[in-house]
Amino acid sequence: MRNVLVIATLSAFAFCAPIAAAQSAPAESRQSFDQLLQAAGKARDESRDDEAIRLYRRAVAQQPESEQGLWFLGTLLYAKEQYPEARDVLRQFMTLRPDAGPGWAFLGLSEFQTRDYSRALDHLQHAMAAGMGGRKDLIHSVSVDVVCLLTRFERYDDSLDILTKMLATGVQQPGLIEPAGLAGLRLPLLPAEIPPDRRDLVDLAGRAVLAVQMQQYDEAESELHRLVTAYPNEPGVHFLYGAYLMQSHPNEAVPELERELDISPSHVLARVRLAQQLIVRQDFDRALALAQQAIQLEPKRASAHMMAGEALLAKGQSDDGIKELEIARTDDRAGIKTHWDLLRAYAAAGRKEDANREKQEIDKLYRSNQPSGSSAGGDIPQNQAAP
Amino acid sequence: MRLLFCVFTISVSLAASAATVPDRFETLAKQADTARSQEHLPEAIRLYREGTKLRPSWSEGWWSLGTLLYDQDRFSEAGAAFEHLLAGNRQRGPAFAFLGLCEYETGNYDSALARFRSWASAGWGGTLEFRDVANFHFALLLIRDGRFVDSLYLLASVAPRLGDTPELFEAMGLASLRMKYLPENYPPEKREQVWLAGKAALYGAQSPKDFGRADEYAARLEARYPEQPEVHSFRGTLYGFEGKKVDAEREYRSELKISPNHAPVLVALATIDLDKADMDEAGVLARRAIDADSSNAEAHHLLGRVLLMKGDLQGSVSELETAKRLAPGSPAVRSHLAMVYSRLGRTQEAKAESAALLVLKDKEQVMASAQEKLGEKTREKAH
């Protein structure tokens, strides 16, 4: 797979800079350098990778700032699974071509292999932002690694968001089962780090999460039921089921979320989702208590502030409620629901200008057509909640 | 005449060179600083390289070159720049740590640890943010070196600023489970254990402490891995921090069933016995700890205390002197040694120990030096 990935990318990557680099070299060394590049390219075309690597190394030794030399050397080393050296060469390349999305991609993929996960995530996300020129294999590899790394860094909602986007583009599911299961169960492990006795648990959860994301609800229901039956005491399982039930059978979600809190007393999102349902039931006191506990556990969780704000508004404490909603709004993930809540609260408080501003923000968000957020075991999908 | 001309030419040429090099250097230095401030980094690097070549004693140039290369993840080259800088006299403190960071990234771990020790000895220089990064890597290298308690001390010191970050709890997990690994090379199948232990350790070390959440993760760890070495030891230590002595003792005894020669656990149980005045078992456990790790100062200290309580003053003094040799900076050892010397009528030695104790107590109140805390302390033993 890695070889295919590299070859596909090598052939598609166009360069113009080596000409400029060669222009500044003396004629004699340029000839030698050009000959080396030519010979290296021929070896590469003929799949004599070791020979190509040897020649590119010589070329780069002559001209350390040769973009072409660094690029092919780095990617060939990656293909040969010589990740530390590939990483170092690609780092050098990226200092010359910080605009090259595929360069960030291979650098991040190399760092993933050397277990430098923090840098890998940073660089892979850089690749996604810069674009990879429509190279599907590369985009897929990068996306999968980003999903896995976001989960490992406990950014489960971001991970599920990317998963949702991948599924929307028609990506094949099998390779996503474990990443989806880990994100859904909120286990900060890479697929390779799953203990053998947990594989079945993660696999079941992954199938359920993917079914939910693909809106295959019969299958999702069946998988989730199997999961809860097989693993009734595992942290994360009842939350996953409860979050799913919130959409279809909200009343049945409550005992699942409560069970999750018995198993995982510091589960922030179980509190948030439970508060959400209690607000629907007009049990504002309990909803507020849960939201405030969630805030204490995770002060930056926007949805917890949103629930606290809604409960306070419902209890008639509009100033405090607005304050909570304004905190929720500062989060990047704050969506339309927060702005709708604020719009109503400002309007009720006679703050017309503030209400107008929220209205404009809502219009902007609708126009930008933000994805509706994850629903499988994640935070409150904010943009689904238009009034 | 010809010879004269040549000499004249040479002298003119030297004079011209002496006049142009400073000008050229000043111009280069200015250009380099401008390129850096305008974030034209490759250009800045090139100019700093030229400048340091022209004037190898240019400390600021080496510093800028090193930090720019470091920021670009070009660690070997950055390390070389910091080595040049350290060859001079200025900015030694932070440069040691920067070199340590570079060597960490290039896999020269032993050397990196030595650099961080030098940095600590030179006064832990740098901005708060830089110190956190350096301390974090210093702590990782201490874990690799088997100095888990020292490592946790450093990690706890950065925890208030770094907060609940995956990197921090991973490091705390490794140290808590006494795993002599770096985050990038521990066995992947250990990840869940490391995560759970790290979370528990982090919440237990936070200010204010969140023992509720610490216990939740520790309970998950114990439920998932009841037969794994170090799990009960860690749980016992956590209970100890919470003041739950009965629970701590139960966990330590569970650990001994799995790891019968676990010196720190034997020491912990002997300490609990001593508090309960169970001298017989305390003595047995302290001796077992010494058998398992003869360099464990606290085991000798405990045995010395037990023998003192039992009236075996000669035996006590021998153990306490060993403890003093292994941990010369421990006020408690000096205190007990003064007591035993006094009972033995060795007044001068008793006075010397009391004086040493006062000095140590004073130091402890201010803050022990970096070297004392992390330099030559008792080596812990990994299991």
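Throughout, a chain's letter reflects where its sequence line sits, starting with A, and its residues are numbered from 1.
- Contact annotation: the side chain of W195(B) never approaches that of R152(A) to less than 4.5 Å [non-hydrogen atoms, C-beta and beyond].
- For T114(A), the part lying near chain B is the backbone, with the side chain staying farther off; criterion is any non-hydrogen pair under 4.5 Å.
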query: When you look at E184(B) and D116(A), which way does the side chain to side chain contact (heavy atoms under 4.5 Å, CB included) test go after all the steps?
result: CA-CA 7 Å; E184(B) 48 269 36; D116(A) 189 349; over 6 Å; no
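- Looking at L297(A), both its backbone and its side chain come within 4.5 Å of chain B, counting heavy atoms on both sides.
- Inter-residue side-chain proximity for R91(A) and F75(B) is flagged as met; some heavy-atom pair is nearer than 4.5 Å.
- Considering OG of S266(A) and OH of Y203(B), their distance stands at 6.5 Å, rounded to 0.5 Å.
- With a 4.5 Å cut-off on side-chain heavy atoms, Y225(B) and P195(A) count as touching.
- The environment of CD in Q38(B) is crowded: more than 12 heavy-atom neighbours from other residues, nucleotides or ligands sit within 6.0 Å.
- A donor-acceptor pair is defined here as one N or O able to donate and one able to accept, closer than 3.5 Å; such a pair exists between the side chain of R115(A) and the backbone of Y186(B).
- Here the side chains of Q296(A) and D210(B) are not in contact, with every heavy-atom distance at 4.5 Å or above.
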field: Step-by-step salt bridge (Lys or Arg N to Asp or Glu O under 4.0 Å) determination, R224(B) to D197(A)
entry: CA-CA 10 Å; R224(B) 282 281 295 136; D197(A) 65 339; 3.0 Å; yes
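- In this structure, chain A has a heavy atom under 4.5 Å from the side chain of E216(B), while its backbone stays farther away.
- For F130(B), the CZ atom counts as densely surrounded, since its 6.0 Å shell holds more than 12 non-hydrogen atoms of other residues, nucleotides or ligands.
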task: Could you give me the CA-CA distance, side-chain angles and deciding distance for E65(A) and R46(B), then say whether side chain to side chain contact (heavy atoms under 4.5 Å, CB included) is met?
output: CA-CA 12 Å; E65(A) 300 204 339; R46(B) 189 185 64 74; over 6 Å; no
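- Taking E189(B), E77(B), E170(B) one by one and counting their heavy-atom pairs under 4.5 Å with chain A, the maximum is reached by E170(B).
- Residues satisfying the side chain to side chain contact (heavy atoms under 4.5 Å, CB included) test with A248(B), not counting sequence neighbours, are Y239(B), Y252(B).
- In this structure the side chain of E192(B) reaches within 4.5 angstrom of the side chain of R198(A), judged on heavy atoms.
- Heavy atoms closer than 4.5 Å to chain B are found nowhere in D88(A), neither backbone nor side chain.
- Residues K199(B) and E154(A) form a side-chain contact, since some pair of their non-hydrogen atoms from C-beta on lies under 4.5 Å apart.
- Heavy-atom distances place both the backbone and the side chain of P188(B) under 4.5 Å from chain A.
- Contact annotation: the side chain of E234(A) never approaches that of R220(B) to less than 4.5 Å [non-hydrogen atoms, C-beta and beyond].
- Here E193(A) is the residue among R87(A), M94(A), E193(A) with the most heavy-atom pairs under 4.5 Å with chain B.
- Residues E167(B) and F153(A) have side chains in contact (heavy-atom distance under 4.5 Å, counting atoms from C-beta outward).
- Residue Q193(B): no heavy atom, backbone or side chain, is found under 4.5 Å from chain A.
- Open room surrounds NZ on K53(B); 12 or fewer heavy atoms of other groups in view lie less than 6.0 Å from it.
- Contact count versus chain A (heavy atoms, under 4.5 Å) is highest, among L41(B), D73(B), T165(B), N185(B), for D73(B).
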